[in-house]
Amino acid sequence: MFEDKQGGLTPITNLGEFSLIEKLTKDFPSFHTETLKGVGDDAAVIKLGEGKVQLISTDLLLEGIHFDLRYVPLRHLGYKAVAVNVSDICAMNGKPYGITVSIGISNRFTVEALEALYEGIRLACEKYRVELLGGDTSSSRQGLVISVSAYGEGAENTTTYRNGAKKHDLICVSGDLGAAYAGLLVLEREKAVFLKDPNMQPDLTTYGYAIGRQLKPEARTDVIGLLENLGVLPTSMMDISDGLASELHHICHQSKCGAFIYARNIPIDYLTSRIAGELEISPYTFALNGGEDYELVFTISLKDYEKLKGIEGLHIIGHITDEPGRVQMELKGGSVVDVEAQGWTHF
Ligand code: ADP
Ligand code: MG
């Protein structure tokens, strides 16, 4: 399967995103013992001394791939570009302190449009208390390109990696899942209607929560604070950018373990279920494969169960097993299925 080479060369479609990254980055040397983590987690971790670490994460957003300016307001886009990077700092149990922002712009954009983008960036800086440290500006042939890097700080002994989950640990998620993807599908549906008949004005009022989750996600800095107050240090943690299934596979792959989750424990908002019903898709598909919720998924050791039990907004959805790489889910009816992950499959 997938052995089709073009004149001896391998099309990138032969590899999934994660195998491609692994292939490209595996032979790089490490020169500095201060680099505690390079490629492979939500952020890189660099030792600073006195038990402190610096966290660095970067993300690239491309028009037409990650966003569609026909329904994404530039202000929201600016906000989101910052929030998703801050989210990666949270995923390491760190505190964000600054960002750099690089943009590629075509002459299609006006000064006012870019000011709107930066207004969103500024709002997010205010919300997360991060400083704009710099960036770069270039022209682009087509469309808008935004790359944001976030810098944060943490402590060496409280940094949470993807590789720390152990058998019997409990798997937890914050907030609710699938709403961002439900919001995206509603926006796409309305766009299709609008393109057919520009006089049709969409009525999106009853979809507000899901659309908001898609257009203006928040990084869960509050959950990091909550865990600290509860005295719970997760054994592993990630943010949910690609969907719960993909993230659980990352944790299992890196922690050399398996996961067992219960569908009935996955937090799904009522509106997400309603939209799933309208579109005749399972709401679990939204939660598992939708992505862009920017909630946190983390594991805790059993001894911390009492501290976390019943805390509003945190949900225990399953436990870690010793079957490497296997993610299973018990459906509401009691049958158990293997959960595959998108992003691990091909481009
Ligand atoms: P996230 O979804 O948390 O932002 P990604 O899946 O984008 O993480 O990336 C996973 C890891 O691979 C990260 O450590 C990231 O820095 C690294 N990575 C991704 N793309 C590249 C690349 N082109 N070159 C080097 N490292 C990369
Ligand atoms: Mg991440």
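Excluded from the calculations below are hydrogen atoms, water molecules and symmetry mates; all remaining heavy atoms, backbone and side chain alike, are included. Every value quoted in this text rests on a predicted model; they were computed, and no experiment measured them. Both counts, for ligands and for their atoms, begin at 1 and track the order of listing.
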Would you check the N or O atoms of Thr25, main chain and side chain alike, for any that come under 3.5 Å of an N or O of ligand 1?
no

Looking only at N/O atoms, are Asp242 and ligand 1 under 3.5 Å apart anywhere?
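No; the residue has no nitrogen or oxygen that sits under 3.5 Å from a nitrogen or oxygen of the ligand.
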
Tell me whether Glu22 reaches ligand 1 (any heavy atom closer than 4.0 angstrom to a ligand atom).
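No, Glu22 has no heavy atoms under 4.0 Å from ligand 1.
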
Where does Asp88 meet ligand 1, judged by heavy-atom distances below 4.0 Å: at the side chain, the backbone, both, or neither?
side chain

Applying a heavy-atom cut-off of 4.0 Å, say which part of Arg162 lies close to ligand 1: side chain, backbone, both or neither.
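Side chain only.
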
Under 4.0 angstrom from [atom], is there any protein heavy atom?
| atom | answer |
| --- | --- |
| atom 14 (O) of ligand 1 | yes |
| atom 23 (N) of ligand 1 | no |
| atom 17 (C) of ligand 1 | yes |

What protein heavy atom sits nearest [atom], and how far off is it?
| atom | answer |
| --- | --- |
| atom 2 (O) of ligand 1 | Ser241 OG, 3.3 Å |
| atom 7 (O) of ligand 1 | Glu17 OE2, 4.4 Å |
| atom 19 (C) of ligand 1 | Ile21 CD1, 3.4 Å |
| atom 11 (C) of ligand 1 | Gly40 N, 3.7 Å |

Short N-O contact, [X] and [Y], less than 4.0 angstrom:
| X | Y | value |
| --- | --- | --- |
| Glu188 | Arg70 | no |
| Glu278 | Arg189 | yes |
| Arg213 | Glu218 | no |
| Glu228 | Lys95 | yes |
| Glu153 | Lys52 | no |

Within 45° cone of Tyr207 ring axis and under 6.0 Å: Arg274 NZ or CZ:
yes

Cation-pi between Lys191 and Tyr71: NZ/CZ under 6.0 Å from ring centre and within 45° of the ring axis?
no

Could you measure the distance from the SG atom of Cys90 to the CG atom of Asp239? Nearest 0.5 Å is fine.
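Rounded to the nearest 0.5 Å, the SG-CG separation comes out at 8.0 Å.
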
Evaluating non-hydrogen atoms only, which member of Val39, Leu20, Leu24 is closest to atom 26 (N) of ligand 1?
Val39

Quick check: does Asp239 have an N/O/S atom under 2.8 Å of the Mg ion (ligand 2)?
yes

